[in-house]
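The structure presented is a predicted model; accordingly, all values stated were derived computationally and were not measured.
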Amino acid sequence: MSRSGPPETVLPQIDVAIVHALRQALASPVDSRRAAVGAVAAKYPTCLQAWAALGRASAPGIDAYMAFRVGYHRGLDQLRANGWRGSGFVRWQHESNHGFLECLEGLAVNAGIIGEEAEAVRCQQFLVQCDPRGRG
């Protein structure tokens, strides 16, 4: 820890081609949106924003839980690759961190839905530790 507090990790921006593909998928009709977003996540499996979008496009409960959990674990890998050592801030103010934080938040919510209360609480606590100020 430095004198200014815990270190802060900022994930790199995602490629503009991936942003474009994800926007197109999200603009799909509701009945085919999940499949379109899933295709983006399959093509770009390291894109945390795609996993977060897939979780949001999924039915609440186990389907959303699975997508958010994959994004969360992919996000931990990316955080470590970018200098995170298991503690420190991952702030909402950085757009490139949104995918990870949305996956963590979605995992917390959907863990609660499927009855994994301990995991839901751990994820909520981790979210606060990442950025005590939250989305604000």
Side-chain angles (χ1 to χ4, degrees):
M1 186 179 325
S2 70
R3 290 182 184 179
S4 60
E8 182 172 351
T9 303
V10 179
L11 293 171
Q13 292 292 328
I14 62 173
D15 184 277
V16 294
I18 301 172
V19 171
H20 179 71
L22 188 54
R23 283 186 184 146
Q24 284 186 309
L26 290 169
S28 298
V30 173
D31 62 337
S32 61
R33 187 170 300 146
R34 185 179 188 284
V37 173
V40 174
K43 186 172 182 179
Y44 305 105
T46 61
C47 179
L48 305 179
Q49 290 81 347
W51 289 106
L54 184 58
R56 289 190 307 272
S58 298
I62 195 68
D63 287 340
Y65 174 88
M66 290 185 294
F68 287 126
R69 190 146 180 71
V70 170
Y72 165 74
H73 281 284
R74 290 270 185 175
L76 290 176
D77 292 342
Q78 287 185 30
L79 286 170
R80 289 182 193 107
N82 285 281
W84 185 77
R85 298 290 173 247
S87 65
F89 296 123
V90 182
R91 297 197 186 273
W92 284 104
Q93 74 188 36
H94 304 289
E95 185 178 349
S96 58
N97 289 346
H98 289 187
F100 172 73
L101 294 168
E102 289 172 5
C103 285
L104 179 55
E105 181 178 57
L107 181 58
V109 168
N110 286 280
I113 290 171
I114 66 169
E116 286 285 339
E117 291 303 322
E119 183 176 29
V121 169
R122 276 193 313 273
C123 289
Q124 274 298 346
Q125 289 171 340
F126 186 21
L127 195 60
V128 170
Q129 291 168 354
C130 284
D131 192 345
R133 295 178 290 191
R135 290 183 188 240

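- Side-chain heavy atoms closer than 4.5 Å link hydrophobic residues (I, L, V, M, F, W, Y) into clusters, and following such links, even through other members, never connects Val70 to Leu101.
- Pairing each heavy atom of Cys103 with each of Ala52, the nearest pair is SG-N, 3.6 Å.
- Contacts classified as salt bridge (Lys or Arg N to Asp or Glu O under 4.0 Å) and involving residues 82-91 (residues at least two apart or in different chains) are given here: Glu8-Arg91, Arg91-Asp131.
- Gln78 places none of its side-chain heavy atoms less than 4.5 Å from the side chain of His73.
- Residues in residues 35-54 take part in no side-chain hydrogen bond (donor to acceptor under 3.5 Å, both in side chains) pair, two or more places apart or across chains.
- Heavy-atom minimum distance, Pro7 versus Ser87: CG-O, 4.2 Å.
- Remark: Glu95 CD is loosely packed, at most 12 non-hydrogen atoms of other residues, nucleotides or ligands lying under 6.0 Å away.
- In this structure, CG in Leu104 is found 5.5 Å from SG in Cys123, a value given to the nearest 0.5 Å.
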Can I get a per-line list of side-chain donor-acceptor pairs under 3.5 Å for residues 11-30, giving both atom names and the distance, sequence neighbours left out?
unit_1, atom_1, unit_2, atom_2, d
Asp15, OD1, Ala17, N, 2.7
Ser28, OG, Ala25, O, 2.9

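- Scanning both residues, Ala50 and Ala41, for their nearest heavy atoms gives CB-CA, 3.9 Å.
- For Gly112 against Ala120, the heavy-atom pair with the smallest separation is N-CB, 3.7 Å.
- A single hydrophobic cluster is not seen to contain both Val37 and Leu48; linkage of ILVMFWY side chains at heavy-atom distances under 4.5 Å, directly or through other members, places them apart.
- Within the structure, side-chain hydrogen bond (donor to acceptor under 3.5 Å, both in side chains) pairs that include any residue of residues 116-126 comprise Tyr65-Glu119, Arg69-Glu119 (at least two apart or interchain).
- The structure places CG of Leu79 at 6.0 Å from OG1 of Thr9, a figure rounded to the nearest 0.5 Å.
- Linking Ile, Leu, Val, Met, Phe, Trp and Tyr whenever their side-chain heavy atoms come within less than 4.5 Å leaves Phe100 and Val10 in two separate clusters.
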For residues 53-63, which side-chain donor-acceptor pairs fall under 3.5 Å, sequence neighbours excluded?
unit_1, atom_1, unit_2, atom_2, d
Arg56, NH1, Glu102, OE1, 2.8
Ser58, OG, Arg34, NE, 2.9
Ser58, OG, Arg34, NH2, 3.4
Ser58, OG, Leu54, O, 2.6

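- The aromatic rings of Trp92 and His98 sit tilted, their planes meeting at an angle between 30° and 60°.
- Aromatic ring orientation, Phe126 versus Tyr72: perpendicular (interplanar angle above 60°, classes split at 30° and 60°).
- Hydrophobic clustering of Ile, Leu, Val, Met, Phe, Trp and Tyr side chains at less than 4.5 Å, counting indirect connections, unites Val90 with Leu76.
- For Arg80 and Asp77, the salt-bridge test passes: some basic side-chain N is under 4.0 Å from an acidic carboxylate O.
- Here Ile113 sits in one hydrophobic cluster together with Val109; the rule is ILVMFWY side chains under 4.5 Å apart, joined directly or through other members.
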